[in-house]
Amino acid sequence: MDGADLSDGFQRLDVNDGSGGSPSEHEDSPTRPASDYTDITERFFNESCSLLIGQLVQDPNFTLLDAVGALEIMDPKMDSGLMPAITEEHFNVLASRSPEEIIGIMDQLFSYEMAWHNGSSLGQTVFICLYVDNLLQNAPRSLEKAIFTATPPAGQTELDVVLLKVLRAYCLGVVKCCGLVNWTILSQFTLEEEDFVTQTYDIALLDVISADALCRELAITSSLFVESEHTKDLPEDIRRAIVDRIDHRISMLRAFSLTVEDYNKYKENPLPPWEECSRLTDVITETTSLGKPVVEAFSTYVQRKLATTVPPRPEIQLPFDEATKNLKRTCKDMSEIVNILHYISPANTMNFLMRFTTRRITPSTYVRCSLQCLLVQNWMVVGKIHIKEYIMDDIRELTCPIPELFDPLNDAAEAPQSAEYNISRRKDWFLEKAMNLILGLFQRLCMNRPRVRRSLCHALVEFDTFQSSAEKIDSDLRQFTNEPPLLGLDSEDEETFQYPLSSWVFHYKLKIMELVVLLGFELEIYQPYEYAGMYWQVQQYIRSHLQHLERIKMHVIPRSASRGGNVPGEGAGAGGETEEYKSQRVKTANFLSYLLLETSAMHDLVSALLNTHRLTLSLGLVLPPPQPYSTPELRFLLRMKPFRSLSVPEPFEWESSPWEFFQRNEMPDPEDGEARGVWLGDIKDTLDEATQFVADARKHYDLLARMRLEVCRAELCEEMHRTNIKDTLRSCIATSIAISELAKIVAEEEEEKGPGEGKGKKAVDETTAPKKKYKVTIDTAKYHSWFPVPVVAQVE
């Protein structure tokens, strides 16, 4: 480039060049008068009302950066920095407070703490207390520095000093409890969608001060209050109420500070902390009426000092009665999760986890994170067994593989050519992969219910990929274990092998697939007109599960020698059965019999509900809403999306699926007698099937209710196991009632066909009553959350 080109380039960059004009010209340009602007506010709101739900109007020239810049930064409603500051003139933390006001502040602070447990932020709850704000403003690192800093008012009495010491100790206890809860939740696997806000706005929650030190401080303060000469003239109920609240805070500190080692000694404690906390919660509830609210002690203006970018938010008020109920529920849940530390078997542990997390009232985030902590810590399950040993116990309990597979002597082999070395190497590879899957499953089941379903959809892909790898490992192991084949299982002459590792993986995968679909009913994701199709889907998965369990059982209890079967553990390469292996086979056989009965009972109930909901569709009692942009095929593909990428079982296709479960089967013309007869015949067959299935389901669940807890693997969750069966039986009974009501409607439809000479329509005279009308509602409250029942009622 020569000098002339450079000169031309610089001339083009001249700010005074072109149509923009010089700076002086811009400065001299007149300002547009206000009359040139048009107020479009009313027109804007009128036009916005005409928009449909989900419709969006976007200007391509109005970018996200412009939208952020349009926020009113200097508006006090949007900018917390413009909120007024709180000075001593507005509120003095050392001002005199009556004992009733001290009780009121304590109770209000406790209510804010429980509101934080329910999912609100600290900036909307605990931190808006001006006493807490004053204590934490200098980030104290010791109890001596955690004091109220303000100018003492004139005329302060010794009683005022004692009461302020009580309030200071109580506020510090609240902050420490928040810090302990926050640390427990952050130490476990949680996601942003959890119902909890862990943000502390860069404020330390007394992390460097131990819970024991604060308990001692509260105890000293309580003794000071009781023994002080200045408090003896107070009414006895007031003195007792203040002491009870200090004791209650001490019990909360001790409960929230429990470690895994403490929980292992939990039952040895004559008065465990959570039981003591629950008892004292009832005590303070009785005296809450003695407190006097102090509204000025709480202000959202504190948010101006918090390190946050969100606009100011209102305080979250939780009634004191509701706050105490939440804490008592937490105490009850925390007392129950200790049962999981009694390790009996993997199935017992998994059953407890499933039953505990499927309660109607979902345990709080803190309880579920504490359950995670107790379940697996440093790869140790419930602090007693390594997760690899846990997986091997689980495989033994389900499939009872030949002893050579998990022989501990294999780990000592060093020769690469030896069978023991190859078995050990492949087993270790499998366990390394499986332990991450099981750990992830534990963590996922401890999430909130919507997140459980969403994360299990991702887990399905992981289990599906791992299943193919496990099948290859099983095939490789056969050449080293010399596992004898079983003849005549799939066909008369075909040899089949046990595949213990992949069978275990497939068992879990099928359970997850069933759970994903059933959680859709619990979370009310499906619409009533979709129930038939979704029950058909889970029915297919349960049938695959039944076949899989039958196959496992056939290898555990093989066919007789006359059918060509060989007993695993006997014959070539097995060296005969040991007594330990015989005992394990009996235990596994009993467990598989229970699993088959449980799965069969669920299959019958699902089939009964499937036919029941299909009847409501066919009879026109449940109608899909108008959906101009949707088709049954698109809805089918949407519901099958979590399972589309799985290899086994093969995903369902719309063309090969029974469409009558996914859309309404139109009723035939009453004038067409032949078509109406065929339609009524199909309806009656469906009704008979539903009646038979629900009768079988009740019979099976009655058997399950009478089975011993050891067989059901419900020793750790007896009460929850009984409750689950009762809820399911209630769904069975309600389904029977719904079927009987539908049978009456079918009988009425059959009467309308009448004897009439091919017309297919009964003659109607002037005295004939009008046709009855019915409506169907879905009851999700009284019955099992996985099996909501249609309630058929006549419309007056």
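Position 1 is the first residue of the sequence, and the numbers go up from there. Just so we're clear, the structure is a prediction, and the values are computed from it rather than from any experiment.
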Asks: Do Ser345 and Asn348 have a side chain donor and acceptor closer than 3.5 Å?
Replies: yes

Asks: With no hydrogens and no angle check, just 3.5 Å: does a side-chain donor-acceptor pair link Thr365 and Asp195?
Replies: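 Looking only at side-chain atoms, Asp195 and Thr365 do not form any donor-acceptor pair under 3.5 Å.
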
Asks: Is there a donor-acceptor pair closer than 3.5 Å between any side-chain N or O of Gln108 and the backbone N or O of Ile105?
Replies: no

Asks: For Asn92 and Leu94, indicate whether the former's side chain and the latter's backbone hold a donor-acceptor pair under 3.5 Å.
Replies: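 Looks like yes, one N/O pair under 3.5 Å.
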
Asks: Arg453 side chain to Val516 main-chain N or O, any donor-acceptor pair under 3.5 Å?
Replies: yes

Asks: Indicate whether the side chain of Thr281 and that of His248 have a donor and an acceptor atom separated by less than 3.5 Å.
Replies: yes

Asks: Taking all non-hydrogen atoms of both residues, which atom of Trp116 and which atom of Cys178 are closest, and how far apart?
Replies: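 Closest pair (atom of Trp116, atom of Cys178, distance): CH2-O, 3.2 Å.
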
Asks: Do the side-chain N and O atoms of Tyr508 and Asp394 include a donor-acceptor pair separated by under 3.5 angstrom?
Replies: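 Judged by distance alone, the side chains do pair up.
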
Asks: Is the backbone N or O of Ser785 less than 3.5 Å from a side-chain atom of Asp727, with the two atoms forming a donor-acceptor pair by type?
Replies: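 Flag not set: sc Asp727 to bb Ser785 has no pair under 3.5 Å.
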
Asks: Does a side chain donor of either Thr190 or Gln188 reach within less than 3.5 Å of an acceptor in the other side chain?
Replies: no

Asks: Which heavy atom of Ile209 sits nearest a heavy atom of Ser142, and at what distance?
Replies: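 That closest heavy-atom pairing would be CD1-C, 3.7 Å.
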
Asks: Within the 3.5 Å criterion, strictly below it, is a donor on Asp282 or Thr285 matched to an acceptor on the partner's side chain?
Replies: no

Asks: With Leu122 as reference, evaluate Leu205, Val197, Thr198, Leu306 under the side chain to side chain contact (heavy atoms under 4.5 Å, CB included) test and give the passing residue.
Replies: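 Testing Leu122 for a side chain to side chain contact (heavy atoms under 4.5 Å, CB included) against Leu205, Val197, Thr198, Leu306 leaves exactly one candidate, Leu205.
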
Asks: Is it the case that the side chains of Arg329 and Asn326 hold a donor-acceptor pair, with the cut-off being a distance below 3.5 Å and no angle test?
Replies: yes

Asks: For Asp107 versus Thr288, what's the shortest heavy-atom pair and its separation?
Replies: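 Nearest heavy atoms, Asp107 then Thr288: OD2-OG1, 3.3 Å.
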
Asks: Taking atom types as modelled, find out whether Gln303 and Thr300 have a side-chain donor-acceptor pair closer than 3.5 angstrom.
Replies: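 On atom types as modelled, these side chains do not qualify, holding no pair under 3.5 Å.
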
Asks: Using a distance-only test with no angle check, is there a side-chain donor-acceptor pair under 3.5 angstrom linking Arg245 and Thr287?
Replies: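 Per modelled atom types, Arg245 and Thr287 side chains form a pair under 3.5 Å.
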
Asks: Does the side chain of Ser299 come under 3.5 Å of the side chain of Glu315 through a donor N or O and an acceptor N or O?
Replies: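 Side chains of Ser299 and Glu315: no pair found under 3.5 Å.
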
Asks: On a heavy-atom basis, which atom in Ala255 and which in Tyr366 lie closest, and how many Å separate them?
Replies: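 Heavy-atom minimum between the residues: O-OH, 4.3 Å.
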
Asks: Is there a donor in the side chain of Asp262 and an acceptor in the side chain of Thr259, or the other way round, less than 3.5 Å apart?
Replies: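 Side-chain D/A pair, Asp262 to Thr259: present.
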
Asks: Any donor-acceptor pair under 3.5 Å linking the side chain of Gln124 with the backbone of Pro314?
Replies: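 At least one qualifying donor-acceptor pair exists.
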
